[in-house]
Trainee: 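My questions all concern the structure below.
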There are 2 protein chains.
Amino acid sequence: MVTKKPTTIKDVAKKAGVSISTVSRVINDSKPVTNEVKQRVLDVIKETGYVPNPLARSLVTKKSQLIGVIVPEVTDTFSAEVLNGIEEISKMYNYDILLANTYSERELEIKNINLLRAKQVEGIVMICWDIDQEIVNILENSGIPAVYISKTTRDFDIYNVSTQNAPATRDMTQFLIDKGHKNISLLRTNYHISNLADARLQGYKEALSENNIEYNDKLVKSCGATYNDGYATAKELLNEGTKPDAIFATSDEAAIGAINACFDMGYKVPEDISVAGFNDVKFAKIYRPKLTTVYQPLFDMGAVAIRMIIKVIQGQDIGEKKVELPYRIVDRESVLDRNE
Amino acid sequence: MVTKKPTTIKDVAKKAGVSISTVSRVINDSKPVTNEVKQRVLDVIKETGYVPNPLARSLVTKKSQLIGVIVPEVTDTFSAEVLNGIEEISKMYNYDILLANTYSERELEIKNINLLRAKQVEGIVMICWDIDQEIVNILENSGIPAVYISKTTRDFDIYNVSTQNAPATRDMTQFLIDKGHKNISLLRTNYHISNLADARLQGYKEALSENNIEYNDKLVKSCGATYNDGYATAKELLNEGTKPDAIFATSDEAAIGAINACFDMGYKVPEDISVAGFNDVKFAKIYRPKLTTVYQPLFDMGAVAIRMIIKVIQGQDIGEKKVELPYRIVDRESVLDRNE
DNA sequence: ATGAAAGCGCTAACAC
DNA sequence: GTGTTAGCGCTTTCAT
């Protein structure tokens, strides 16, 4: 490990026989510089391997070129795929990602917002299952643009990207009904949301009533979004004696958990019970049976979020604070057509 | 969004009627300050919500409190789990994570090293399938501590954390043999490594010869570490007509790909063909059949890497440049005991 | 124990 | 077109 202290703008200036402002001009291309001088500076820069210190630059420009990203944890497949989108677009705009995990702990969420803020990030993308008004306030008062990527649409006044949850859930429910299912269990993965606020639950109910199927309380369960949550909740459901012919879990991980619960209780999927998920995470196509699910453009959600932030940073108007991206039902193997 | 410009040390000093150096002293606890004065400053800080600007601080102390982490991509389960460890420990030491994806492109790897370096990170953790001497050089010449987390042990002179690959592979091969397998196919997931340098291949061969099983070239294939790689390579293998009774892929994703390839070609796993993996990624226990694999302490690998970096930063001696963490065979469902 | 002042590496007026 | 200078927010001598 060679520890030579890095060349500064001063070194370059001296070596090139110009003033530091001239060097600054050529590296930022901010003001015209005679070609000959410019070349001389460029040569010295190449020769010395000089790289401007962004810290110093940020201090004066007030632009850190940093964007904070808060996720539950990177091993969460939903977050990881969104994060990919964020990362790629950020780099395009010369921004870097400062990463923070929350493990879905509210305290850590707040702590990390403040921490990132202190680190001078120019914007924050927050991915989590749900937020409340207090967190919205903290985000708003941070004085920097923040966008919230949720698995659900909430009516907070905050930049938000999501998919159309109610229609998506309605469509999948309809899809299940079309395939001949009557007793469709809904595993709601956003359990801290009141029924009324839950767009997905509404979508589910809508489809039911459009098809004159009575809403059955026993078939609707709240659970977390993880594999374990889905597994446990499906098991609970099955143990209660109301055997559904389909389980619709609003997260792929929970859906896969549900499938395994079915397996472990002696049911075949999809022969005995169909299972559908939500998100179309990478793993959905790998698992067997391949998961029938509603596709969400995860990568794009991250990309859109970043673009919003960058626009706000640049002072552009971005119109609607909430953007909803398209979804699509992906029919694979975990749902059986019972009409045949 | 409220955009008030943040309080600076100057504001605090004026409001508390002291000099900025005094304020600096109390926030850093660097020199004794009279209790009374200290309290006054503290009060003002609380009142104004003042937070020191780390950029300015970094500029003078030359410590950015930033660690760069380079991963193939966050959706890679191996990387994600290591990253969790890195994140958690970093935060404990008050460091933040600057994240960069490489998509396993060599160019991007180099570009990101330089980029992170420019951003003044104090250390770099690089996770990738393999490196070469040039990248080692770049890392070394960067003048900051760098540790490399690999899926394989290479003999470069660089800080490195891994598991004991040769013994682990030997053990798993032995395990497979013990379970009555004779034709064990090895899917080497580090395909850019020469046979000689591949510790895992050596471990495999060792186990074979210890059991007087002849090494069969046709059973050993190089492939990438992803699901698709494993799927394609297993299919290729099976199509070539040399049907193994076990496939040992040195990455869980590749192993799952192999299982699906078996399925799709009409073989049952583990009844017809046993499949074993490597890493014990989160998904290994979720997939069905549950994957028999070699467990690596992914989280801990990240944690250890960060500790190494922090020690180097602090100028402590850390002894061996390479640390190897323990592994363990995890016997689940994808390997059948053929002795019965 | 406290304050004044220099300076970290850079950008951005402002002069010339 | 180029140089001089102030200053970003902070830490750290060096006086006092």
Side-chain angles (χ1 to χ4, degrees), chain A residues 3-42 44-45 48-66 94 117-122 143-144, chain B residues 3-42 44-45 48-66 94 117-122 143-144:
Chain A
T3 323
K4 52 172 183 289
K5 73 164 175 323
T7 349
T8 72
I9 196 171
K10 233 190 227 163
D11 302 329
V12 176
K14 187 170 349 156
K15 210 157 186 173
V18 295
S19 75
I20 61 166
S21 18
T22 302
V23 178
S24 174
R25 274 160 202 144
V26 352
I27 58 183
N28 294 306
D29 213 14
S30 48
K31 288 242 164 117
V33 174
T34 325
N35 262 333
E36 186 238 334
V37 177
K38 187 178 200 163
Q39 197 49 56
R40 193 143 35 99
V41 173
L42 253 20
V44 175
I45 288 177
T48 55
Y50 166 71
V51 182
N53 182 338
L55 252 40
R57 177 181 283 166
S58 297
L59 191 58
V60 19
T61 59
K62 307 271 177 223
K63 311 199 79 284
S64 65
Q65 298 295 126
L66 248 33
N94 228 324
R117 184 70 198 87
K119 286 272 183 177
Q120 311 297 116
V121 297
E122 292 183 48
I144 54 175
Chain B
T3 323
K4 52 173 184 287
K5 72 167 178 320
T7 344
T8 72
I9 195 170
K10 233 190 226 162
D11 303 329
V12 177
K14 191 176 334 163
K15 209 156 187 174
V18 295
S19 75
I20 59 167
S21 13
T22 303
V23 178
S24 174
R25 276 161 201 142
V26 352
I27 58 184
N28 294 305
D29 213 14
S30 49
K31 288 243 166 114
V33 173
T34 324
N35 263 332
E36 186 239 334
V37 177
K38 188 178 198 163
Q39 197 49 56
R40 192 145 34 101
V41 173
L42 254 18
V44 175
I45 287 177
T48 55
Y50 166 70
V51 182
N53 181 338
L55 252 41
R57 177 179 282 166
S58 297
L59 191 59
V60 18
T61 58
K62 307 273 177 224
K63 308 199 80 283
S64 64
Q65 297 296 125
L66 247 34
N94 227 325
R117 186 69 199 85
K119 286 271 182 177
Q120 312 298 114
V121 297
E122 292 182 50
I144 53 175

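Just so we're on the same page: letters track the sequence lines, and every chain starts at 1.
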Trainee: Starting the side chain at C-beta, find the nucleotide from D:dT2, D:dT4, D:dG9 nearest to B:Ile9.
Mentor: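 From the listed options, D:dG9 comes nearest.
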Trainee: Students should find this one: the first and last nucleotides of DNA chain C, 5' to 3', lying under 4.0 Å from a heavy atom of chain B. What are they?
Mentor: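 First and last nucleotides in contact are C:dA1 to C:dG9.
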Trainee: Taking atom types as modelled, find out whether A:Thr22 and A:Ser19 have a side-chain donor-acceptor pair closer than 3.5 angstrom.
Mentor: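 Side-chain D/A pair, A:Thr22 to A:Ser19: present.
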Trainee: Reading DNA chain C from 5' onward, which residue's closest nucleotide shows up sooner: B:Ser21 or A:Thr7?
Mentor: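 The 5'-side residue here is B:Ser21.
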Trainee: Among B:Ile20, B:Thr48, B:Ile27, which one satisfies side chain to side chain contact (heavy atoms under 4.5 Å, CB included) with B:Val12?
Mentor: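 Among B:Ile20, B:Thr48, B:Ile27, the one that satisfies the side chain to side chain contact (heavy atoms under 4.5 Å, CB included) with B:Val12 is B:Thr48.
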Trainee: What is the separation between atom CD1 on B:Ile20 and atom P on D:dG9, rounded to the nearest whole Å?
Mentor: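 Going from CD1 in B:Ile20 over to P in D:dG9 covers 11 Å.
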Trainee: Looking only at the side chain of A:Val37 (C-beta and beyond, no hydrogens), which of the listed nucleotides D:dT12, D:dT2, D:dC10 gets closest?
Mentor: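 Comparing D:dT12, D:dT2, D:dC10 against the side chain of A:Val37, the answer is D:dT2.
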Trainee: Identify the pairs formed between an N or O of the protein and an N or O of nucleotides 14-16 of chain D at a distance under 3.5 Å, and give each distance.
Mentor:
none

Trainee: Side-chain contact, heavy-atom cut-off 4.5 Å: A:Ser30 with A:Arg25?
Mentor: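 Yes, at least one pair of side-chain atoms sits under 4.5 Å.
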Trainee: Between atom CD in A:Glu36 and atom P in D:dT2, what is the gap in whole Å?
Mentor: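 For the pair A:Glu36 CD and D:dT2 P, the rounded distance is 8 Å.
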Trainee: Expected output is a numbered-order residue list: members of residues 49-63 of chain A with a heavy atom under 4.0 Å from any atom of DNA chain D. What is it?
Mentor: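 The stretch gives A:Leu59, A:Val60, A:Lys62 as the residues lying under 4.0 Å from the strand, ordered by number.
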Trainee: Does B:Glu122 reach the main-chain N or O of B:Ser64 with its side chain, forming a donor-acceptor pair under 3.5 Å?
Mentor: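 At least one qualifying donor-acceptor pair exists.
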Trainee: Should B:Ser24 be listed as having a side-chain N or O under 4.0 Å from OP1 or OP2 of D:dT11?
Mentor: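 Looking at the OP1 and OP2 atoms of D:dT11, one of them is under 4.0 Å from a side-chain N or O of B:Ser24.
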Trainee: Can you tell me how far C1' of D:dC8 sits from CG of B:Asp11, to the nearest Å?
Mentor: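 To the nearest whole Å, that distance equals 13 Å.
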